[in-house]
Structures are given as C-alpha cells and as structure tokens.
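Everything on this sheet refers to the single structure shown next.
This structure is a prediction, so every number in the text was calculated from the model and none was measured.
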Amino acid sequence: MSKFVVVTDSTACIPAEYIKKHNITVAPQVLIWDNETFRDGVDIRSDEFFSRLKIAKAMPSTSQVSPATMQSIFQALVDQGLEVLGIFISSKLSGTLQSAIQGREMMGSAGDKVTLVDSQSTAMALGLQVLAAARTNEAGASLKECAAMAEKAHERTGVFFAVDTLEFLHRGGRIGGAQRFIGAALNLKPILGLKDGRIEGVERIRTKRKAHDRLLELVSEQVKGKSNIRIATFHANAADDAKALLERARQQLNPIETIYTELSPVVGTNTGPGTVGLAFMFD
C-alpha cells in the first residue's frame with residue numbers, strides 16, 4: 001500500500017480507469033438543480049446531465065466541496081495510516097482549496113498528515129498534474145518530493161478550450177479575462193485558456209472547425225521542443241469532435257500518452273455544451 005494517497009476534486013475530470021489504477025481519491029463538487037443536490041460524477045453523470053440540460057427550464061448551479069466533506073475524506077485516509085497530498089482546482093476559480101484548508105484544520109493534530117497544493121489549473125490540466133503526482137508516488141518518491149514536484153507542475157502544464165457561448169462562464173462568475181469577448185458576434189467561437197490560475201480570452205474564431213484547428217496550433221506552440229509530452233482532450237457533449245481532435249494531436253505531436261475524457265457535470269455547468277479542449281504536460 002502507498003505511504004500516501006493523492007486526493008483531488010472532481011473538476012480534474014480524470015477517467016475512472018485512471019482513478020482506480022493509480023488509487024486516487026476524488027472529492028466530488030456539488031451540483032444544485034431544482035432544489036436537488038448532486039455529488040459531481042457520483043449522483044449524476046455527464047450523459048445524464050447534458051440530456052437533462054436540453055429540456056431544463058431552470059439552470060443548475062454549483063457549490064464547492066464542503067470543509068466537512070474534506071475533513072471526512074482526509075480523516076478516513078489518515079486513519080488507515082496514510083498521509084495525504086491534496087491537489088485541487090485553482091484557488092482563483094473556486095473556494096475548494098480553502099475548504100480543504102479548513103477541513104485539515106478541523107482534524108486537529110492529525111491535519112499534520114495532510115499536504116495541500118494549489119494546481120492553478122482545472123479540467124485535465126489539473127488531471128495531468130494529479131496523475132504525475134500519483135505516478136511519482138508509485139515510483140517510490142517521498143511525500144515531500146511529490147509535493148515539491150506538484151508545486152511546480154503548473155509550469156509544465158496548460159489548457160486551451162473552445163466554447164460555443166460565453167453565457168455559462170459569465171453566469172457562473174468564472175469568465176475572468178474573457179469578459180472582453182462578451183457582446184461579440186454570436187457566430188464567433190471563443191478560445192479560452194488558463195493564465196496564472198484564471199480563465200483568459202485568447203482569440204475568437206469564426207467556425208467550430210477553425211477553432212479546433214487553432215486549439216491544436218496553440219498546444220503545438222507550447223510543447224514545441226519539449227519532451228515526454230502528454231495530451232488530454234475533454235469535451236462537454238461533443239464526443240466526436242474531441243476524439244477527432246485527439247487523433248490529430250496524436251499524429252502531429254507524438255505524445256507519450258493521450259487521454260480522452262468528458263467534463264464532469266459541475267465543469268459542464270460552467271462551460272456549457274459543445275465545449276472541446278486540449279490539455280498538455282511536458283518534461
């Protein structure tokens with residue numbers, strides 16, 4: 001058994017088989033819809049979410065993992081004689097890390113067994129960081145070594161994504177520097193990225209196809225000359241587009257690993273259907 005366990009939150013959108021293989025613990029974010037509360041990816045899955053969204057009269061909202069839930073997750077692992085390395089969504093996008101800090105404080109002296117890291121990322125840019133930490137753990141590194149690696153991992157990761165509309169990000173208050181795109185012609189497809197832990201507008205492209213072409217170009221620019229490239233594609237109810245983009249990335253970038261995944265309902269609430277993105281990690 002590993003001497004410590006990596007914990008993340010459901011916005012990482014890591015495929016279930018990777019979660020199981022690498023013994024990663026996931027704290028589910030919260031989706032609130034028609035006075036019902038759902039645990040992200042547990043009580044409601046992506047396909048169920050987007051099917052319901054098509055006919056919904058009221059839009060869902062989201063809430064971060066509570067401090068009590070974080071405490072419960074951490075305590076259960078510590079009670080097994082394990083330490084915890086928690087890597088969570090950017091603190092500039094969510095209060096999840098603050099909930100983790102509070103949850104750790106609620107544990108008293110046992111909280112000393114919990115180390116927390118701000119990924120400054122989300123979606124599979126976060127997911128790739130989490131997987132890197134879990135694999136480093138499996139290779140025999142200490143918690144201190146893994147934490148030091150995780151603290152700098154955002155310097156080697158990134159993400160770009162194209163959305164059909166900015167409506168969902170705007171409503172969720174996570175539009176960041178993409179605010180300047182509000183009011184643009186409706187037929188333009190915004191391309192967004194993460195910068196310093198915030199969502200920023202990159203470009204506006206006229207068609208979906210060209211937007212996806214540009215996603216690949218942007219990632220190619222970021223990984224040029226780098227080694228050990230890993231690529232992940234993710235989508236919100238746009239599986240065919242995401243699979244096609246990943247295949248093109250595989251052919252052009254020659255990555256050592258590719259991952260395909262869906263955005264969780266909570267992330268989908270904030271990006272909206274039709275979103276397709278590419279995350280990367282190198283070295």
Side-chain angles (χ1 to χ4, degrees), residues 5-66 68-70 72-73 76 86-90 93-94 96 99 119 121-131 134 159 161-165 167-169 171-172 174 231-246 258-279:
V5 172
V6 178
V7 178
T8 190
D9 65 89
S10 59
T11 66
C13 303
I14 302 170
E17 60 267 29
Y18 288 82
I19 296 291
K20 182 177 180 180
K21 179 180 179 180
H22 298 292
N23 192 33
I24 297 165
T25 297
V26 179
Q29 301 282 7
V30 178
L31 184 76
I32 304 164
W33 207 349
D34 290 333
N35 297 317
E36 292 181 271
T37 299
F38 303 89
R39 291 171 297 169
D40 192 30
V42 178
D43 302 321
I44 187 168
R45 302 287 184 177
S46 293
D47 55 348
E48 300 168 328
F49 170 76
F50 287 111
S51 293
R52 180 171 171 174
L53 189 65
K54 289 178 182 178
I55 58 174
K57 294 181 179 179
M59 291 293 102
S61 61
T62 64
S63 180
Q64 68 215 37
V65 186
S66 70
T69 297
M70 288 293 192
S72 177
I73 291 171
I87 308 173
F88 299 106
I89 180 175
S90 171
L93 295 176
S94 168
T96 301
S99 287
S119 73
S121 299
T122 189
M124 274 304 295
L126 165 58
L128 288 171
Q129 293 183 36
V130 171
L131 287 170
V159 61
F161 56 103
V163 298
D164 271 353
T165 172
E167 172 192 351
F168 292 86
L169 282 165
R171 188 174 59 217
R174 290 173 173 83
I231 298 291
T233 188
F234 53 86
H235 72 91
N237 204 35
D240 290 345
D241 289 336
K243 289 176 181 177
L245 184 58
L246 184 61
T258 59
I259 299 174
Y260 161 84
T261 191
E262 298 176 300
L263 291 177
S264 75
V266 160
V267 182
T269 296
N270 288 299
T271 64
T275 298
V276 172
L278 278 178

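Contact between Ala56 and Trp33 at its shortest, heavy atoms only, is CB-CZ2, 3.6 Å. For the pair Leu31 and Phe49, the tightest heavy-atom approach, listed with the atom from each and the gap, is CD2-CD1, 3.9 Å. In this structure, Ala125 and Ala279 approach most closely via the heavy-atom pair N-CB, 3.5 Å. Listed here is the closest heavy atom pair of Tyr260 and Ala239: OH-CB, 3.3 Å. Smallest separation of non-hydrogen atoms from Ile32 and Ser63: CD1-CB, 4.1 Å. Smallest separation of non-hydrogen atoms from Pro28 and Val65: O-CG2, 3.3 Å.
Between Leu53 and Pro60, some side-chain heavy-atom pair lies under the 4.5 Å cut-off. Residues Lys54 and Asn237 meet the side-chain proximity criterion, which asks for heavy atoms closer than 4.5 Å. Here the side chains of Thr96 and Met70 are in contact, with some heavy-atom distance below 4.5 Å. Side-chain contact between Pro15 and Ile259 is present, with at least one heavy-atom pair separated by less than 4.5 Å.
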Under the side-chain contact (heavy atoms from CB on, under 4.5 Å) rule, what do Ile24 and Leu131 come out as? Steps first, then yes or no, please. CA-CA 8 Å; Ile24 297 165; Leu131 287 170; 3.8 Å; yes

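A distance of 15.0 Å separates CZ of Phe88 from CG of Leu93, quoted to the nearest 0.5 Å. Here Thr261 contributes atom OG1 and Met124 contributes atom CE; the two are 6.5 Å apart, rounded to the nearest 0.5 Å. For the atom pair CD1 of Ile14 and NE2 of His22, the computed distance is 9.0 Å after rounding to the nearest 0.5 Å. Taking CD1 from Ile44 and CZ from Arg39, the interatomic distance works out to 12.5 Å, rounded to the nearest 0.5 Å. The structure places CD of Gln129 at 9.0 Å from OG1 of Thr8, a figure rounded to the nearest 0.5 Å. In this structure, OG1 in Thr271 is found 9.5 Å from CG in Asp164, a value given to the nearest 0.5 Å.
Between the side chain of Thr269 and the backbone N or O of Pro265, at least one donor-acceptor pair lies under 3.5 Å. With hydrogens and angles disregarded, no donor-acceptor distance shorter than 3.5 Å links the side chain of Ser119 to the backbone of Leu126. Under the 3.5 Å distance criterion, the side-chain polar atoms of Thr233 are matched with a main-chain donor or acceptor of Gly277. Side-chain atoms of Thr275 come within 3.5 Å of backbone atoms of Gly272 as a donor-acceptor pair (strictly under, hydrogens ignored).
In this structure, Phe161 and Phe234 have tilted ring planes: the angle between them lies in the 30° to 60° band.
For the 3.5 Å distance criterion, the side chains of Ser264 and Asp40 qualify, holding a donor opposite an acceptor. For Thr11 and Gln29, the side-chain atoms include no donor-acceptor pair closer than 3.5 Å.
Heavy atoms from other residues, nucleotides or ligands lying under 6.0 Å from CG of Asp240 number 12 at most.
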